[in-house]
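Side chains included, hydrogens not; waters and symmetry mates left out as well; all remaining heavy atoms used.
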Amino acid sequence: MLYHKKYFTDNIIISQRKTFSRTNEDGKCDIMACMFFSRCYTAHDRRLASFFGRYGRLIAKYPWHIVILSILINFLFGVGIINFELETNIEKQYFLENSQAFKDREFLRTHFPSSENDFHAYSLPDYGCFVEVIIKSKKGRNIFEKPVLSEFININNLIRNDIVLKDDNISTYTFEDLCAKNNKRCVVFGEEVLHSGFVSNMASQNVTYPLYNNILLSSILAQTSVKNSHVISANMVRLRYFLSQNPNSTDRLSKLWVKEFINYMENFKTNETSVVFMYYNAMEDEIQKSAMAEAHLFPLTLLLMIVYASIATAGKRIDCIHDLQNLGRIGVFCALLSLVPAVGIASAFGVRFMNSAATMPFLIIGIGINDMFIIMSGYAETMDKDKMTIDERMKRTLMTSGLAITVTSLTDVLTFSIGYTSEFNTIKNFCLYAGIAVFFCYLNQLTILAPCLVIHQRRIDRMKHSYTCHVTKPRKQLRKEGRSSCYVTCCSGEKPVSRSETESILETYPKRVVQFLVHNKISRLVILAVYASYITFSILGVQSIQQSTKFSDLAIEGSNYYTANVWEYDNYPLELPFQIVFTEPVNYEKIEIRESIDEIVKKLKNNSLVRNDFEVNWLSSFIQYDGDNIHGKNFYTRLKRFVNMTNAFKNDIVYSDDGESVIASRIYLFSRNVRTTELQAEFLLYVRAIAESSGLPCIIYAPIFVFCEQYIVLISSTLQTVGFAVTAMFIVTCIFMPHPSIVLIVTTSMISILLGVFGFLKLWGLDISVVTMIELIISVGFSVDFSAHICHAYLSSTSRDKQSRVREAIELAGGPIINGGLSTIVGLSMLLLSKSFIFQSFFKVLFLVVAFGLLHGVIILPIILSFIGPKVRILPEGKANVIIQSLIYNKTVEPALKPLILSTEGNCDDSIEPRKHVKCVQNGLDRT
């Protein structure tokens with residue numbers, strides 16, 4: 001928030017000196033520096049203030065025309081809403097498109113298409129089409145006890161046979177008809193634990209763990225009790241049922257059967273067990289639900305903001321003439337209206353609405369209220385000018401507040417523009433919608449709220465009631481007429497003659513508390529000690545920050561998908577099958593090539609993240625079977641015979657058209673538990689490094705790599721984007737407040753706020769993720785506003801000593817800063833009722849940045865300015881000539897100052913206008 005007082009656009013900056021012992025040369029340099037900063041400081045203010053002044057006169061003449069035109073423009077740009085669509089594709093939102101994993105997956109889909117009857121889950125380039133159930137025994141009982149086991153078997157039979165798809169009311173299909181098959185049997189991951197032999201071995205405690213007959217039981221059974229590497233009991237079991245995806249026949253039917261499965265399981269009841277389920281596109285369905293599931297919170301937020309704006313704009317007593325509450329409600333309307341063109345423009349260009357952008361309306365309402373308070377503060381500054389015309393009043397109002405909301409909106413739009421450069425589509429989507437909304441919110445405040453001030457002032461001048469618009473009378477006159485107390489209270493009013501008459505208790509009393517805290521010696525020492533502790537804790541918090549993204553974070557808490565993900569995350573290790581794929585022909589018949597391939601496998605198995613006791617390797621199996629007879633062209637002939645005989649590796653070898661060579665092949669290994677994001681990133685980087693250093697044309701791929709790709713760049717991308725945003729805010733500060741001390745203080749404060757936000761993330765149970773990255777980018781724009789407001793108000797003060805200037809700065813800027821911060825917190829508070837992690841984390845991060853921004857803006861920075869604030873000050877133009885003359889004849893004046901002033905004396909006498917005199921002095925000092 002930037003503050004002009006009266007005629008600051010034509011003012012000069014003169015440095016107040018307390019000692020005069022410096023040399024002439026030093027003094028001259030110091031004065032010249034002050035003049036330089038003066039010219040830089042006022043250059044932009046002069047132009048912008050002049051523009052806003054002319055605009056203020058314009059709206060004073062045509063308020064209704066501008067309001068109606070602005071509303072029509074908003075709705076015109078909102079026509080694109082007819083193309084509004086939700087984006088439910090999880091990969092487009094949260095994955096890095098065109099990454100290496102995407103390219104590797106496309107290669108596998110092209111060269112290794114899924115086989116209709118030789119299905120292997122570990123060979124899929126993605127997760128396939130499937131449904132999954134996790135069955136947990138109640139009361140902690142063993143899943144293999146008879147009553148529990150019977151229900152477990154019954155659930156399996158129901159899924160296989162009782163869920164029926166009726167296609168066109170003619171044909172019926174069960175899972176057995178549509179399942180993916182291997183050796184003519186349906187593939188169900190985990191079905192081995194249902195076999196009678198396994199159940200018998202469990203009863204006799206002869207089941208080894210975690211590997212049993214080449215089956216990874218750790219991915220099937222959970223909450224197990226193990227003794228001497230044998231399973232004693234298990235409380236949880238997971239079964240995954242794979243369906244055929246033949247695009248020419250079963251793919252459509254399989255997806256329809258999944259829908260029948262969902263409907264069946266949502267109403268399924270059990271006695272001995274608890275059951276949750278998942279399916280292949282459950283995350284996309286959950287995202288679609290979560291995008292609109294919290295929509296009911298926005299009307300509540302809107303109502304809360306209207307109430308807050310009404311209270312914050314109400315005076316200390318009821319006055320039906322200068323009541324400002326309607327203006328407060330119009331400020332909320334301006335913010336709400338900006339959402340229409342934001343959604344309309346984005347939709348018109350085919351940008352689908354992603355669920356991360358669902359928090360955007362809550363943010364825009366808060367930003368809009370902040371702008372409203374700034375404009376209202378500028379308007380309140382004109383209250384002591386009773387005889388001022390409406391034209392002059394609106395000119396003064398917009399000269400003081402127009403530039404203020406321009407800078408705050410500029411910082412926000414710049415932040416969102418930089419956020420749009422992110423590699424993540426979900427961040428781009430949020431920043432696009434939010435950036436457009438902020439821009440129109442800014443325009444609406446200038447073209448709807450500001451003209452409404454004119455209409456409001458006209459009503460005041462005519463002594464009309466704020467609600468009925470009937471002419472009323474002052475309180476004393478109505479009492480003399482014998483009106484009742486109720487009538488006097490509800491129908492009387494007077495024209496305001498000072499700012500204090502229009503301030504509410506939400507603005508007056510918080511400022512008094514802040515003034516006491518800032519100027520009391522004991523409280524200042526306590527605050528500085530607390531601030532030192534804050535910095536220390538923040539640094540420690542930053543050092544412990546981690547990245548983490550859970551699929552459950554994208555779901556609504558309590559939903560079936562959320563529960564299933566939590567059960568899986570907490571109880572099952574993430575043991576990945578991954579493929580070593582040779583993408584080009586290599587001479588497998590040569591011993592040195594086979595040794596190179598063996599070396600790759602050995603290096604991978606030597607890593608602690610890879611299992612060394614299990615693999616699916618066609619090459620080693622072939623050599624073990626027929627090693628003595630493979631050489632030259634004979635290699636490929638015998639290989640075909642071996643593959644046809646074993647029927648196990650048909651999906652892993654691609655022959656050339658003539659069948660005389662292998663153009664692509666793959667080998668499978670299995671990882672150990674890589675459940676955390678750090679392990680997944682480490683694993684991905686390690687296997688790719690092995691592939692790159694192998695000297696062979698190979699890639700290493702697992703379906704989860706498509707998601708894990710983000711972990712490699714997430715933290716660096718977050719820091720880079722935040723860094724660019726901080727740099728942009730630094731440049732904006734340099735442009736609008738070009739004094740080195742102030743630029744340094746504002747930038748340091750911004751970094752301090754961001755340090756606190758990053759450091760306190762862990763305290764709120766948050767880590768770096770794609771979701772929180774959006775909020776951290778937003779925090780940059782918010783963090784600079786509070787600091788810039790108070791620093792510019794400090795520069796605008798005409799007082800001589802630092803303490804008085806700080807007091808005046810708080811008086812001028814403290815109220816709007818406090819109201820703006822509180823309104824943002826109030827607007828976001830409804831997100832606490834949300835069951836969505838996206839909404840909850842949005843509130844937590846924004847609460848941190850607003851709370852820390854408020855503390856820095858109204859407490860920390862004023863204390864720091866009272867100690868080390870610059871001596872540069874701005875003097876009103878009417879006093880400039882007097883002060884210059886007094887400096888000429890002041891015997892204690894600094895020697896370096898006299899020749900500079902005297903050089904203008906011949907051309908600048910007291911008879912000319914103050915404005916021209918100031919300009920003349922400036923030109924003379926510049927020439928000197």
Side-chain angles (χ1 to χ4, degrees), residues 90-91 94-115 118-130 189 216 219 242 245 280 549 551 573-586 588 596-607 609-612 614-620 649-654 662-675 677 679-714:
I90 183 66
E91 294 186 356
Y94 293 99
F95 295 4
L96 286 175
E97 289 190 295
N98 300 319
S99 64
Q100 183 61 46
F102 270 80
K103 296 175 183 177
D104 294 345
R105 184 178 66 180
E106 189 59 32
F107 177 88
L108 288 169
R109 285 175 173 172
T110 303
H111 291 80
F112 298 93
S114 299
S115 175
D118 295 308
F119 180 87
H120 295 282
Y122 56 74
S123 68
L124 290 172
D126 47 40
Y127 290 100
C129 183
F130 69 90
F189 174 77
L216 284 173
S219 297
F242 289 96
Q245 289 183 277
Y280 72 101
T549 302
F551 290 131
L574 185 60
E575 296 173 318
L576 306 172
F578 63 96
Q579 309 176 26
I580 308 170
V581 185
F582 297 96
T583 58
E584 297 177 10
V586 295
Y588 297 98
S596 297
I597 294 174
D598 287 341
E599 185 64 23
I600 295 174
V601 174
K602 288 178 181 178
K603 285 183 179 180
L604 290 170
K605 285 187 173 183
N606 286 336
N607 189 278
L609 298 178
V610 180
R611 300 192 68 91
N612 56 12
F614 192 57
E615 67 179 89
V616 179
N617 188 334
W618 69 268
L619 184 57
S620 62
F649 304 109
K650 286 185 177 181
N651 296 334
D652 302 331
I653 302 172
V654 180
V662 174
I663 61 175
S665 69
R666 54 185 175 179
I667 296 169
Y668 307 94
L669 296 179
F670 295 81
S671 76
R672 297 189 187 275
N673 185 17
V674 288
R675 175 61 69 184
T677 55
L679 287 177
Q680 291 168 22
E682 178 187 344
F683 177 66
L684 174 58
L685 291 173
Y686 176 76
V687 299
R688 284 190 175 169
I690 293 294
E692 291 174 2
S693 63
S694 66
L696 295 175
C698 71
I699 58 174
I700 299 179
Y701 172 83
I704 201 173
F705 285 179
V706 174
F707 186 75
C708 296
E709 195 92 47
Q710 63 175 289
Y711 300 145
I712 301 175
V713 300
L714 185 58

Query raised in the report: Rounded to the nearest 0.5 Å, what separation is found between the CG atom of L108 and the CG atom of D126?
Result: 10.0 Å
Query raised in the report: Which residues pass the side chain to side chain donor-acceptor pair (under 3.5 Å) test with N651, sequence neighbours left out?
Result: none
Query raised in the report: Do Y711 and F683 touch side chain to side chain, with heavy atoms closer than 4.5 Å?
Result: no
Report task. Report yes if some heavy atom in the side chain of F578 is under 4.5 Å from a heavy atom in the side chain of I704; otherwise report no. Result -> no
Requested in this report: Under the ring-ring contact (aromatic ring centres under 6.0 Å, His included) rule, what do W618 and Y668 come out as? Steps first, then yes or no, please.
Outcome: CA-CA 9 Å; W618 69 268; Y668 307 94; over 10 Å; no
Query raised in the report: How are the rings of F242 and F130 set relative to one another: parallel (under 30°), tilted (30 to 60°) or perpendicular (over 60°)?
Result: tilted
Query raised in the report: Going by heavy atoms in the side chains, are L216 and E575 under 4.5 Å from each other?
Result: yes
Report summary line: When every non-hydrogen atom of I653 is compared with those of F112, the smallest separation belongs to N-CE2, 4.2 Å
Requested in this report: Mind listing the closest non-hydrogen atom pair of Y686 and K603 along with its distance?
Outcome: OH-O, 2.8 Å
Query - Contact check, side chains of S596 and L696, non-hydrogen atoms, under 4.5 Å - result: yes
Query raised in the report: Between V687 and I700, which heavy-atom pair has the shortest distance, and what is it?
Result: O-CD1, 3.2 Å
**Report entry** Validation row: L604, I580 side chains within 4.5 angstrom (heavy atoms)
**Finding:** yes
Query raised in the report: What's the verdict on side chain to side chain contact (heavy atoms under 4.5 Å, CB included) for V654 and V662, showing C-alpha distance, side-chain angles and the deciding distance?
Result: CA-CA 6 Å; V654 180; V662 174; 5.7 Å; no
Query raised in the report: For the residue pair L679 and N673, what are the closest heavy atoms and their distance?
Result: CD1-O, 3.7 Å
**Report entry** Short side-chain to backbone donor-acceptor contact, T583 and P697, under 3.5 Å
**Finding:** yes
Report task. Mark yes or no: R611 above the aromatic ring of F614, with NZ or CZ under 6.0 Å from the six-membered ring centre and no more than 45 degrees from the axis. Result -> no
Query raised in the report: In Å, rounded to the nearest 0.5 Å, how long is the span from CD1 of I699 to CD of E692?
Result: 12.0 Å
Query raised in the report: Under 4.5 Å between any side-chain heavy atoms of Y588 and S665, yes or no?
Result: yes
Query raised in the report: So how far is it from I597 CD1 to I667 CD1, rounded to the nearest 0.5 Å?
Result: 5.5 Å
Report summary line: Distance col, row R688:CZ vs Y701:OH, nearest 0.5 angstrom, shows 10.0 Å
**Report entry** Check: E709 side chain, S99 main-chain N or O, donor-acceptor pair, under 3.5 Å
**Finding:** no
Report task. State the CD1-SG distance between I600 and C698, to the nearest 0.5 angstrom. Result -> 4.5 Å
Requested in this report: Please list, chain by chain and in numerical order, all residues satisfying salt bridge (Lys or Arg N to Asp or Glu O under 4.0 Å) with K605, sequence neighbours excluded.
Outcome: E615
Query raised in the report: Could you state the interatomic distance from OH (Y94) to OG1 (T549), rounded to the nearest 0.5 Å?
Result: 10.0 Å
Requested in this report: Find out whether the Lys NZ or Arg CZ of R666 is both under 6.0 angstrom from the six-membered ring centre of F582 and within 45° of the ring's axis.
Outcome: no
Query raised in the report: Tell me, do T110 and R105 make a side-chain contact under 4.5 Å, heavy atoms counted?
Result: no
Report task. Keeping the roles fixed (side chain from S671, backbone from L576), state whether a donor-acceptor pair exists under 3.5 Å. Result -> yes
**Report entry** Within 6.0 Å of CG in N98, more than 12 heavy atoms from elsewhere
**Finding:** no
**Report entry** Parallel, tilted or perpendicular: rings of F707 and F95 (30°, 60°)
**Finding:** perpendicular
Requested in this report: Could you walk me through whether V616 and Y122 pass the side chain to side chain contact (heavy atoms under 4.5 Å, CB included) test, one step at a time?
Outcome: CA-CA 10 Å; V616 179; Y122 56 74; 3.7 Å; yes
Requested in this report: Indicate the atoms forming the closest heavy-atom contact of P577 with A702, along with that distance.
Outcome: O-CB, 3.7 Å
Query raised in the report: Does Q680 use its side chain to pair, donor to acceptor, with the backbone of R675 at less than 3.5 Å?
Result: yes
